[in-house]
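Let me begin by presenting the structure, written as structure tokens, before commenting on it.
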Amino acid sequence: MELITYLSRVDLFKGLSEEELQQLNHITPLEVRPRGTVIASPYMEHKVLYIIKSGSVRLYKVTEDGKELTLDILGTGHLFGEITSFRSGVPLFAVTMEDSVICEMDSGQFRKAITEKPELALKYIEIVTARLQETEDMLEYMAYGSVRKRLLYLFNKLASKLNPSASNEEWIPISVQITHQELASMTGSIRETVTPILNQLAEEGILRREGARKPYSIHRSRLQAALSESK
DNA sequence: CCATTAACGACTA
DNA sequence: TAGTCGTTAATGG
């Protein structure tokens, strides 16, 4: 389980030398996208692959009655696109949660990169597999677990995704602002249920706020202990 | 245990 | 000002 969450944050191009990265100059020029920029939507012609060079991105879809369902939040080094998250025909949105730099590749560029560096294909499969494992884990909590457990799992996932470098610290900050609404949306719940659970987790010393309306931090060991309990 | 409904003050586009 | 956010409480499955 720990290995899986580690794999999920492996950068596709990690392990390649600088020269090799230089050769992969098919990557489109980079520019900073301000917070709130919609990177992809059903109304846009989207690329096959997006790579987050820095910042964070929220993936969500919109139901018929206009409600947003947040599927995932990704951080630096993560990728998303047609094959990982964008199934054909399903309207999906991607929006930056902070100022971010995003690489875009079309199918030709991606194909060419893989042809030149076949290891990329293997890494790509690892990443997609880890993503699938995550959704299966959450599905299990949806079926048999409490909302509390779903939130614990979600916080654990977000912490390792958004702040992999601080994994040896006890308190790991989740460096984006997330509303109760979004937490509820990602755990198949509602904000009225999420609020008391969050307050309880804070009392238990598992969760902490940096400031008034600032990002959360989680206590890694306490969280994992709580996750293996039966509640 | 948890969704639903209602309601309220505080905050924000 | 209208809409969103966090919170509490009553109710019912």
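Bear in mind the structure is a predicted one, so any value in this text is a computation, not a measurement. Order of the sequence lines fixes the chain letters, A, B, ..., with proteins taken first and strands second; residue numbering starts at 1 for each chain.
- Pairs passing the ring pair (Phe, Tyr, Trp, His ring centres under 6.0 Å) check and including a residue from residues 166-208 of chain A, sequence neighbours excluded, read A:Trp171-A:His219.
- With sequence neighbours left out, the side-chain hydrogen bond (donor to acceptor under 3.5 Å, both in side chains) criterion links A:Ser217 to A:Glu210.
- Every residue meeting the side chain to side chain contact (heavy atoms under 4.5 Å, CB included) condition with A:Glu169, not counting sequence neighbours, appears here in chain and number order: A:Ala166.
- The pair A:Glu204-A:Arg148 counts as a salt bridge, with a side-chain nitrogen and a carboxylate oxygen less than 4.0 angstrom apart.
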Exercise. Check step by step if salt bridge (charged side-chain N to carboxylate O under 4.0 Å, His left out) holds for A:Asp72 and A:Lys161.
Key: CA-CA 10 Å; A:Asp72 207 352; A:Lys161 276 193 172 188; 2.8 Å; yes
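- With sequence neighbours excluded, the residues that form a side chain to side chain contact (heavy atoms under 4.5 Å, CB included) with A:Thr37 are A:Arg33, A:Pro34, A:Ile39, A:Thr96.
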Below 3.5 Å is the cut-off: list the nitrogen or oxygen pairs between protein and nucleotides 3-5 of chain B, distance only.
from  : atom 1 : to       : atom 2 : distance (Å)
B:dA3 : OP2    : A:Ser189 : OG     : 3.2
B:dA3 : OP2    : A:Thr193 : OG1    : 2.7
B:dT5 : O4     : A:Glu192 : OE2    : 3.3

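- Residues from residues 171-180 of chain A with heavy atoms under 4.0 angstrom of DNA chain B: there are none.
- Each side chain to side chain donor-acceptor pair (under 3.5 Å) pair with one or both residues in residues 182-193 of chain A, not counting sequence neighbours, would appear here, but there are none.
- First and last contacting nucleotides of DNA chain C toward chain A (any atom under 4.0 angstrom from a heavy atom, 5' to 3' order): C:dC5 to C:dT8.
- In this view, A:Leu122 satisfies the side chain to side chain contact (heavy atoms under 4.5 Å, CB included) rule with no residue, not counting sequence neighbours.
- Whole-Å rounding puts the A:Lys149 NZ to B:dC1 P distance at 13 Å.
- Applying the salt bridge (charged side-chain N to carboxylate O under 4.0 Å, His left out) test to pairs two or more places apart or on separate chains, those with a residue in residues 217-228 of chain A are A:Glu170-A:Arg220.
- Atom-to-atom, CZ of A:Arg35 to P of B:dT12 comes out at 12 Å; the value is rounded to the nearest Å.
- Between the CG atom of A:Leu198 and the P atom of B:dC2 there is a distance of 13 Å, rounded to whole Å.
- In this structure, the CD atom of A:Gln181 is 16 Å from the C1' atom of B:dC11, given to the nearest Å.
- Not counting sequence neighbours, the partners of A:Glu98 by the side chain to side chain contact (heavy atoms under 4.5 Å, CB included) test are A:Ser56, A:Ser100, A:Val176.
- Under a cut-off of 6.0 angstrom, the local environment of CD in A:Glu140 is sparse, with at most 12 non-hydrogen atoms contributed by other residues, nucleotides or ligands.
- Atom CE of A:Met142 is separated from atom P of B:dC1 by 18 Å (rounded to the nearest Å).
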